[in-house]
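Nothing here was measured: the structure is a model prediction, and the numbers come from that model. We number each residue from 1, following the sequence as shown. Counting convention: from 1, in listed order, for ligands and their atoms alike.
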Amino acid sequence: MVTGAHGQVGRCLVDRGADGLTRDDLDLATAGTAEFRATASALLTGDRRPDVMVNTAAWTDVDGAEDPQNRRTVEAVNAVAPAELARVAAAAGVRFIHVSTDYVFSGPAPDGSRGWGADDPVNPANEYGRTKSEGDHGVLDAGGTVVRTSWVWSGPDAPGRDFVSVMATLAENGVDPRVVDDQVGRPTYAPDLAGELWTLARLDGPSGILNITNSGEPVSWYGLAREVFRCTGHDPARVSPCTTRDWPTPAARPPWSVLDLGPWTARSGQTPPDWRDSVRRGLGSRFRLG
Ligand SMILES: NC(=O)c1ccc[n+]([C@@H]2O[C@H](COP(=O)([O-])OP(=O)(O)OC[C@H]3O[C@@H](n4cnc5c(N)ncnc54)[C@H](OP(=O)(O)O)[C@@H]3O)[C@@H](O)[C@H]2O)c1
């Protein structure tokens with residue numbers, strides 16, 4: 001069973017056969033109420049009772065989360081709901097997997113260049129990261145598993161906009177973008193993440209924190225944009241670099257979003273696909289690849 005059935009990751013899990021919940025089934029903004037707990041409990045104990053629940057639903061508008069008018073909802077959806085769902089799942093004997101984010105970190109690369117690990121102290125720089133981090137704690141306290149991922153995209157065939165699709169469209173439309181070159185991470189193709197989550201749901205093992213992203217060399221948004229231009233047969237030199245300071249946003253962004261994949265590859269026995277291969281795959285059906 002998966003929450004966020006219409007979201008990037010949730011949709012891909014539903015495509016694989018998961019039972020999808022939308023906000024009409026369970027509104028995470030009502031977390032903290034008896035009604036929320038009763039609805040969640042009915043879903044996890046009734047006819048639809050799953051073996052595993054994956055919570056992909058979240059408030060993901062990072063800049064919107066800074067607006068004081070949204071604070072209460074963001075807190076309910078990202079911090080309170082995951083903890084309550086994890087507790088209800090534990091009571092129902094249902095394994096609980098919660099999807100979280102690199103934005104719980106905000107510092108430069110630990111030890112100069114390694115990915116963030118499960119034991120690194122969190123230090124969120126914005127409301128989205130703070131509330132997601134709170135959610136992680138609640139899930140762990142209830143015995144659930146937290147899966148942190150980064151830079152999720154779905155491609156032009158999926159509804160909605162993501163960085164890769166936007167860059168591909170700019171390339172096709174003759175627009176030459178400036179893109180930040182001082183935020184580094186690993187992009188994660190939503191169908192790949194769903195595949196890894198599906199594997200995790202079927203694997204026995206301890207709960208706790210795991211990182212799952214695509215693999216490959218870390219890259220900046222600028223580098224990713226260049227790769228999209230290159231893959232779609234356009235000159236990557238049309239993309240120019242800028243700094244985070246040139247592109248101010250309401251929410252601060254972390255400079256280092258690379259997550260350590262070691263524990264997940266050891267547990268699953270497989271390395272997630274390289275992000276470069278996934279970009280080609282994700283753009284393939286709509287664009288003439290270069
Ligand atoms: N996107 C990224 O780059 C990224 C990076 C790192 C981690 N993550 C994490 O990965 C997970 C999945 O992200 P995503 O990109 O798939 O997100 P997404 O496409 O924005 O989807 C989020 C889903 O959450 C649902 N939702 C929001 N508020 C809700 C509420 N009050 N009640 C019930 N459902 C609600 C949305 O429902 P509607 O469809 O009705 O709006 C939507 O289906 C999230 O936990 C996110 O924090 C994402």
Side-chain angles (χ1 to χ4, degrees), residues 1-15 18 20-33 35-36 39-40 43 53-65 70 72-86 96-106 116 122 124 126-136 138-139 144-155 158-166 183 185-194 196-197 209-214 221 224 251 253-254 257-259 275:
M1 179 176 276
V2 57
T3 63
H6 294 157
Q8 295 195 86
V9 181
R11 199 167 42 230
C12 298
L13 285 165
V14 170
D15 287 347
L21 300 181
T22 67
R23 70 172 79 212
D24 290 341
D25 298 304
L26 184 67
D27 183 355
L28 271 59
T30 65
T33 64
E35 189 195 345
F36 176 81
T39 307
L43 285 163
M53 174 178 246
V54 182
N55 181 39
T56 74
W59 178 292
T60 55
D61 173 3
V62 174
D63 290 321
N70 295 328
R72 190 185 287 237
T73 308
V74 180
E75 181 81 22
V77 175
N78 287 357
V80 182
E84 290 206 322
L85 281 178
F96 188 75
I97 298 173
H98 172 64
V99 182
S100 188
T101 172
D102 55 294
Y103 275 37
V104 300
F105 301 109
S106 65
W116 296 108
V122 298
N126 56 44
E127 276 301 294
Y128 169 74
R130 186 189 67 73
T131 53
K132 290 291 290 186
S133 170
E134 238 182 87
D136 292 1
V139 169
T145 295
V146 169
V147 173
R148 291 187 180 139
T149 190
S150 61
W151 295 20
V152 179
W153 64 280
S154 298
R161 282 156 50 92
D162 60 64
F163 183 84
V164 171
S165 319
V166 168
Q183 295 168 30
R186 280 202 198 96
T188 304
Y189 185 38
D192 291 345
L193 176 58
E196 304 292 325
L197 287 168
I209 300 173
L210 282 167
N211 297 322
I212 306 181
T213 69
N214 276 123
W221 292 111
L224 175 55
R253 294 324 201 248
S257 287
V258 180
L259 299 172
W275 66 263

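- Considering backbone and side-chain N/O of R23, one or more are found under 3.5 Å from N/O of ligand 1.
- When side chains are defined from C-beta on, V258 does not count as touching W116, because their heavy atoms never get closer than 4.5 Å.
- For ligand 1, the polar-atom distance check against G10 finds no nitrogen or oxygen pair separated by under 3.5 Å.
- Between the OG1 atom of T213 and the CG atom of D102 there is a distance of 9.0 Å, given to the nearest 0.5 Å.
- With respect to atom 25 (C) of ligand 1, the closest heavy atom belonging to the protein is A57 CB, 3.9 Å.
- With ligand atoms numbered from 1 in the order given, ligand 1 contributes 1 (N), 2 (C), 3 (O), 4 (C), 5 (C), 48 (C) to contacts under 4.0 Å with heavy atoms of V152.
- Taking distance alone, with nitrogen or oxygen atoms compared against 3.5 Å, T101 stays at or beyond that limit from ligand 1.
- For atom 12 (C) of ligand 1, the nearest non-hydrogen atom of the protein is T56 O, 3.3 Å.
- Looking only at protein heavy atoms, the nearest one to atom 10 (O) of ligand 1 is V99 CG1, 3.3 Å.
- By the 4.0 Å heavy-atom criterion, L26 is counted among the residues contacting ligand 1.
- The shortest N/O to N/O separation between Q8 and ligand 1 falls below 3.5 Å.
- Closest approach of T22 to A5, counting heavy atoms only: CG2-CB, 4.2 Å.
- Using cut-offs of 30° and 60° on the angle between ring planes, the pair W151 and W221 is parallel.
- Counting heavy atoms from C-beta outward, W153 and P187 have side chains that approach closer than 4.5 Å.
- A salt bridge does not link E75 to R72: none of the charged nitrogens lies less than 4.0 Å from a carboxylate oxygen.
- Taking 4.0 Å as the cut-off, W153 does not count as a neighbour of ligand 1 on heavy-atom distance.
- Rounding to the nearest 0.5 Å gives a distance of 12.5 Å between CD of E196 and CG of N211.
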Residue pair T101, Y128: steps toward the side chain to side chain contact (heavy atoms under 4.5 Å, CB included) verdict: CA-CA 9 Å; T101 172; Y128 169 74; 3.7 Å; yes
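- Shown here are the salt bridge (Lys or Arg N to Asp or Glu O under 4.0 Å) partners of R253, two or more places apart in sequence or in another chain: D63.
- Taking OG from S150 and CZ from R186, the interatomic distance works out to 7.5 Å, rounded to the nearest 0.5 Å.
- Side-chain N/O atoms of S165 and D162 include a donor and acceptor closer than 3.5 Å.
- Applying the 4.0 Å criterion to heavy atoms of V9 picks out, from ligand 1, the atoms 12 (C), 16 (O).
- Looking only at heavy atoms of the protein, atom 21 (O) of ligand 1 is closest to G7 CA, 3.3 Å.
- Nearest non-hydrogen protein atom to atom 39 (O) of ligand 1 is H6 CB, 3.5 Å.
- What sits closest to atom 6 (C) of ligand 1 on the protein, heavy atoms only, is T149 O, 3.3 Å.
- The CH2 atom of W275 lies 9.5 Å from the CG atom of N214; values are rounded to the nearest 0.5 Å.
- Shown in contact with K132 at under 4.0 Å from a heavy atom are these atoms of ligand 1, numbered in order with element: 44 (C), 45 (O), 46 (C), 47 (O).
- Of all atoms in ligand 1, numbered sequentially from 1 with element shown, those under 4.0 Å from a heavy atom of W151 are 3 (O), 5 (C).
- Closest protein heavy atom to atom 20 (O) of ligand 1: T60 OG1, 2.6 Å.
- Residue contact check for ligand 1: V77 places a non-hydrogen atom closer than 4.0 Å to it.
- Nearest approach of G4 to A57, heavy atoms of both residues: N-CB, 3.6 Å.
- Here is the list of ligand 1 atoms found below 4.0 Å of a heavy atom in D27: 30 (C), 31 (N), 32 (N).
- For ligand 1, the atoms closer than 4.0 angstrom to any heavy atom of A29 are 31 (N).
- Considering backbone and side-chain atoms together, Y128 places an N or O closer than 3.5 Å to an N or O of ligand 1.
- Distance from atom 7 (C) of ligand 1 to its nearest protein heavy atom, with residue and atom name: S100 O, 3.3 Å.
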